[in-house]
Amino acid sequence: MKPHVFALVDCNNFYVSCERVFFAEIRQHPVIVLSNNDSCVVARSNEAKALGIAMGMPLFKCQRVVKQHHVAVFSSNYALYQDMSDRIMAVLSRFTSALEIYSIDEAWLDLSHVPAAQCEIYGQEIRRCVLQETGIPISVGIASTKVLSKIACELVKRHSIFQGVLNLFAWSEEEVDAWLTGIAVEDVWGIGKQLATKLRPAGIVSAHTLKQSNHVWIRHYLNVAAQRATLELQGISCLPLETRKKPRQGIMVSRTFGRIIEDLHELEEAIATYAVSAVEKVRRQRSLARQVSIFIHTNPFDRRVPQYARSTTATLPVASAFTPDILDLAIALLHTIYAPGYHYKKAGIFLSEFQTQEMLQTDLFGIFSLERYMIQERLMHVVDEVNGTWGRHTLCFGTQGMKRSWSIRQMRRSQRYTTRWNEILTVS
DNA sequence: CGGCGTTAG
DNA sequence: TATTCTAACGCCG
């Protein structure tokens, strides 16, 4: 059997790179992108990393450095990033018959059809095309397992000598092991902080020492995830390419508010808004949800105010993707956990116990009106179409409110250059 | 089976 | 003034 050839494509500092595509002036400057409410740093350019700005750091903790070094700061613009991601994935799909889109900025390609000696050139060609067609720089790691291709990609980012592509097939085992010695064990994909803490007393500190250890012992001492990582380091592929996109098992929509909410009515607006969005996602993957959970809580970081956090769950008699069904239940649930007098800071909804639309139809004969179900489905389809074409808030439910003054604050969001005609880039 | 912890991006 | 959001999986009781 031919060995697998995995190529991991990882976009460099993805959100920052997206902003730089449309803003040439900041291409050599330190740049960061912030999370919702402009609170935490979620993406950094290399220059920003060099200034010591850490991932996940609250903005207020690095405000001094940001001012002093004129760091360009952006709110996150997910419409832009998702659209750029779609374009990149479309380019990648031309280079392989099996593409696994792993995240918004990462994908694996099966390169088994490419001779090992050609893989580096092939990777360079992928890189050139993505850069030319989208403006986004990428790193490519090529190896016989997913974990090794992750490490190859990491080495590419650490060492500019690789010029964006590293093919581990081109190296001897001794040479690969030498590189693995320089990778800390917690930087191996699947080994996080906690597992690394348990491995270190056993003398396992690097990717190389993990590779040298006995995978059965690792399995018992830690867990199956660490065992798989060990085997993959040894070149034994345990993590296959997963090209078939599986529907989500649960869908969560939650937000920290732009300000404190005390009023039940405003909490209703928030829960309603998140519920509408969650059911849209359920419909997009052609599922129906049976279980609805909601939660609300105060700001756990604020020691000065009394804390309150509750969640609750209910199950629909029949799974549904009809927004009013979920919305009514969510609001009823909210009434059961709301307590007046608290400063609420965050709320969310979690939908689960999915069924496919196809399965439900066969289960349903005789249980309830199929006719009514089909009318509801068509109504939701129209709503989705209108909102898809004219913007997310074109057709809303009354409970969502009109002002939504509690919603997230974004002071520095760039234009949605690629998805809104009225925000398209103009050249003068 | 539900709750919790860990990992990841 | 101020601390993201989402998802999967495995372990444990």
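This is a predicted model, so every value here is computed, not measured.
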Reading nucleotides 4-9 of chain C from the 5' end, what letters show protein touch, with B for base, S for backbone sugar-phosphate only, - for no heavy atom under 4.0 Å?
SSSSSS
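- Rounded to a whole Å, the CG atom of A:Asp302 is 10 Å from the C1' atom of C:dT1.
- Using modelled atom types and a 3.5 Å distance limit, the side chains of A:Glu269 and A:Tyr274 yield no donor-acceptor pair.
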Mind listing the side-chain donor-acceptor pairs of residues 47-60 of chain A below 3.5 Å, one per line with the distance, residues two or more places apart or on another chain?
residue: A:Glu47; atom: OE1; partner: A:Arg20; partner atom: NH2; Å: 3.0
residue: A:Glu47; atom: OE1; partner: A:Ser45; partner atom: OG; Å: 2.9
residue: A:Lys49; atom: NZ; partner: A:Asn13; partner atom: OD1; Å: 2.9

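- Heavy atoms of A:Arg259 sit nowhere under 4.0 angstrom from any nucleic acid atom.
- Here CD of A:Gln249 is found 10.0 Å from CD of A:Gln285. Values are rounded to the nearest 0.5 Å.
- Atom P of nucleotide C:dT1 and atom CZ of A:Arg64 are separated by 16 Å, given to the nearest angstrom.
- Contact annotation for A:Ile191: backbone-only contact, meaning every heavy-atom pair under 4.0 Å involves sugar-phosphate atoms and none involves a base.
- Both tests do not hold together for A:Lys146 against A:Trp189: distance to the six-membered ring centre under 6.0 Å, angle to the ring axis within 45°.
- Map A:Leu222 and A:Arg304 each onto its nearest nucleotide of DNA chain C; the residue landing nearer the 5' end is A:Arg304.
- Distance A:Ile218 CD1 to C:dG10 P: 17 Å, rounded to the nearest Å.
- Using a 3.5 Å distance cut-off with no hydrogens or angles, the side chains of A:Gln212 and A:His208 do pair a donor with an acceptor.
- A:Ser103 and A:Asp105 form a side-chain donor-acceptor contact under 3.5 Å, judged by distance and modelled atom types alone.
- For A:His159 and A:Trp179, the gap between ring centers is short of 6.0 Å.
- Across all strands shown, A:Leu34 has no heavy atoms under 4.0 Å from either base or sugar-phosphate atoms.
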A:Arg27 and A:Glu19: salt bridge (Lys or Arg N to Asp or Glu O under 4.0 Å), yes or no, with the steps?
CA-CA 9 Å; A:Arg27 288 187 191 165; A:Glu19 300 294 347; over 6 Å; no
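- Along DNA chain B, the stretch of nucleotides lying under 4.0 Å from any heavy atom of chain A spans, 5' to 3', B:dT6 to B:dG9.
- Using a 4.0 Å heavy-atom cutoff across all strands shown, A:Val41 reaches no nucleic acid atom at all.
- Between the CD atom of A:Gln63 and the P atom of C:dT1 there is a distance of 12 Å, given to the nearest Å.
- Residues A:Arg128 and A:Gln132 have side chains that bring a donor and an acceptor to within less than 3.5 angstrom of each other.
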